[in-house]
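Numbered from 1 within each chain, the chains take letters A, B, ... in sequence-line order.
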Amino acid sequence: MVTTIKVSLPDGSAREFPAGATVFEVAEAIGPRLARATVAGLMDGRLVDLRTPITGDVELRIITEKDPEGAEVIRHSAEHVLADAVKRLWPGTPIDAGRQDHSEKYQYDFRFPRPFRPEDFERIEEEMRRILGEDLAFERTEADREEVKRVMSERGEDIKLKRLEDIPEGEAITLYSHGPFLDLCRGPHVQRTGQIGAIRLLEASGAYFKGDERNEMLQRIYGTAFATKKELDAYFARLEELRRRDHRRLGRELDFFSFHPEAPASPFFHPRGTVVYNALLDLMREKYRAYGYEEVITPQIFDVELWKRSGHYDNYREDMFFADSFDEVEERSSSVKPMNCPSHCLIFGSGAHSYRDLPRRIADFGRLHRYERSGVVTGLTRVRTFAQDDAHIFCTPDQIEPEITALFDFIFEIYALFGFEDVKVYLATMPEKAMGDVAVWKHAESVLARVLEGREDVNFTMNPGEGAFYGPKIDFDVHDALGRAWQLATIQLDFQMPERFDLKYVDSDGSEKRPVMIHRAILGSLERFFGVMLEHFGGDLPPWLAPEQARVLPITDAVNDYAEQVAGELRARGLRAEVDRRSEKLGYKIREGETMKVPYLLVVGQREAESGTVALRLRHRRDEGVQPLETVVDRIERAVSTRSLEL
RNA sequence: GCUGGCGUAGCUCAAUGGUAGAGCAGCUGAUUUGUAAUCAGCAGGUUGCGGGUUCGAUUCCCAUCGCCAGCUCCA
């Protein structure tokens, strides 16, 4: 039995304590101020409750109210305060459980006879503040299953009893209380309710018990909490910034796209938005030439048998559009394509292939339609009609690794153009609804894992059970300017589709072999990427993407002709330029140009007209001064052709 | 699809059981302007669509469509 333990601290020092000393006792030993501020511990990299006894040698960091990890603990504690407040206001309300969001939100579910309303929020917040004012101590107790069952039954917490059943036998069960409130909870929690400095309830919604739509619907309350009022205010400022950058708003303001009830969840790209969309397509087409892809054009409407063969009909027919004529409604026969892969299989299958011809990389920007359920569509991020920068690579088993390696390079090259530096990679494995046999799946998964492990520039995380129904996949999450994660690229390995479509190639020994199919997209859905990119840039698109790259602003009508000449010069170099000919003051034209986020504003007056110059103004910056027209055109042309992020 | 909320002029919003009002945008005119809004005038709405209650509905009720938030889902 160990009697003393060694606790190593972040400053490199180590201290000895009797075995069983708690995190809080370590903090106390370091100093009283630290002890007061302590909300949790980070023990060997794991966030633990400050009441946790330390049983062996560990590395420990004390987490205080100021640490980001501390904020999580504060919010988790606020969940209990919320539940307590609701129970104080409506005694007997059965509680489910609280949970942390990925963002700075927490939630708590209740069985409540009606939805919570804004006026409830005021009362609940008031009650919560009272509880914070009472500065009640959180207490942690380990209990055995029977004890917990008895206590929760007495309290009428039948939902908690169901939760208790989900805790595996043998796992420690902990209860946390503050005042009379008691919850089954893993923790960690702060010392006292008073350490939760600022709270705010955000919204209410219905939510299925355990997230399963077959279960009863509970009423959920969302809230947030911070150590200080200042941090809470900063949170709301961030929300405001998100609203300002919302792509739906920017899309309207910049005249990029609109939506109409005549085609729900389907964007109408206006001329300006279409220029941007096509700039993305141009980028991919250019890179396809470099990376050896071949583009194809395939039909929109197919005999439904195709989807039965591919397996999509069985798995996704609820989400497909059908295109039957009136006398065919008894039997669905025509279907609008929800994806391109079967088309590409048909193309590949239409000819004989030698191993020498592989890999074949077939790209397709075909328009896809999916009947997304009404509640899931939103802006450009989830739509019913879209195109992907889709491609399918048909290759030999030996070619999988080099192909995927090349794809990583391709993906990172594209993302760099948008300034997406922080990329997370996930390996998603066999789902429940899977096609094909387990051995093939295991093999495919191991191939992907091997490639991932071989890449020094990639750290990946497993995503068990999240693969496509025909194969495992690698997903790429990028982080935008506001730190939000978006899943964009995907690489999917598929041994099923080639089987179903009986695809073959002749190998070097003359025998027929089955090719492997790699599904891949880099931008993902063009529509979704458009939305993500707009929010990432806050509408300030880099010159190569801007629909109007330069705008010439004549100061008086007298120089309109010179302004046209300048615009003509820009257009002759392949740039997108307009002239603001209206009889308005310069300030007005500048304001309009800035509002429309035009990267380059070229001001011309009498002086410039006489000297063949322009006064350059860069987006959101000051006047750059008068320069020769040629210099400015060169500068813009260079920024555009190099797809620079800078002006 | 589920829970809740919302739908008034192109946009942002106001108003009322007695058939709607502002700012911006738009149009017209004047102004010829040097780095983020010149002035004046005009025009603009079957209050999402359909029913019901009522002497009368944009307002109240029902249904429907769409949008928003969340849940679930996303080949």
If you measure from the [atom1] atom in [N] to the same atom in [M], how many Å do you get, rounded?
N: B/G4; M: B/G23; atom1: C1'; answer: 32 Å
N: B/C62; M: B/G44; atom1: C1'; answer: 33 Å
N: B/G48; M: B/C65; atom1: C1'; answer: 8 Å
N: B/C60; M: B/C27; atom1: P; answer: 37 Å
N: B/C39; M: B/U33; atom1: C1'; answer: 13 Å
N: B/U58; M: B/C2; atom1: P; answer: 29 Å
N: B/A20; M: B/A15; atom1: C1'; answer: 7 Å
N: B/U19; M: B/C6; atom1: C1'; answer: 24 Å

- Nearest whole angstrom, please: distance from the C1' of B/G70 to the NZ of A/Lys210. 21 Å
- Between A/Gln487 (CD) and B/A75 (P), how many Å, whole number?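 After rounding, the gap between these two atoms is 8 Å.
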Sidechain N-carboxylate O distance under 4.0 Å for [X], [Y]:
X: A/Asp623; Y: A/Arg617; result: no
X: A/Asp158; Y: A/Arg111; result: yes
X: A/Lys308; Y: A/Glu305; result: yes

- Message: Whether the A/Gln492 and A/Tyr470 side chains hold a donor-acceptor pair (N or O, under 3.5 Å, no angle test) is what I'd like checked.
- Response: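 Indeed, the side chains of A/Gln492 and A/Tyr470 share at least one donor-acceptor pair under 3.5 Å.
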- Task: Compute whether any side-chain donor of one residue and acceptor of the other, for A/His620 and A/Asp540, lie under 3.5 angstrom apart.
- Result: yes
Closest to the [X] side chain, choosing from [options]:
X: A/Arg252; options: B/G34, B/U33, B/C11; answer: B/C11
X: A/Arg370; options: B/C74, B/U33, B/A25; answer: B/C74
X: A/Arg607; options: B/G34, B/U12, B/U33; answer: B/G34
X: A/Met339; options: B/A25, B/A75, B/U72; answer: B/A75

- Can you find an N or O donor on one side and an acceptor on the other, under 3.5 Å apart, linking the side chain of A/Arg220 with the base of B/U3?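 No.
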Taking only side-chain nitrogens and oxygens of [X], does any of them come within less than 4.0 Å of OP1 or OP2 of [N]?
X: A/Tyr222; N: B/C71; answer: yes
X: A/Arg248; N: B/A69; answer: yes
X: A/Thr378; N: B/A69; answer: yes
X: A/Ser374; N: B/G1; answer: yes
X: A/Arg249; N: B/C11; answer: no
X: A/Arg617; N: B/G34; answer: no

- A/Lys589 (side chain) donor-acceptor with A/Arg581 (main chain) under 3.5 angstrom: no
- Message: Under 4.0 Å, heavy atoms only, any strand: does A/Tyr470 hit a base, just the sugar-phosphate, or nothing?
- Response: sugar-phosphate
- Task: Would you verify whether the NZ or CZ of A/Arg384 falls within 45 degrees of the ring axis of A/Tyr371 while also being under 6.0 Å from that six-membered ring's centre?
- Result: yes
- Student check: side-chain heavy atoms of A/Gln627 and A/Thr613 closer than 4.5 Å: no
- Query: What dot-bracket string describes RNA chain B from 5' to 3', counting Watson-Crick and G-U wobble pairs whose defining distances are under 3.5 Å, with [ ] for crossing pairs and | for pairs to another strand?
  - Reply: (((((((..((((....[..)))).(((((.......))))).....(.(((..]....))).))))))))....
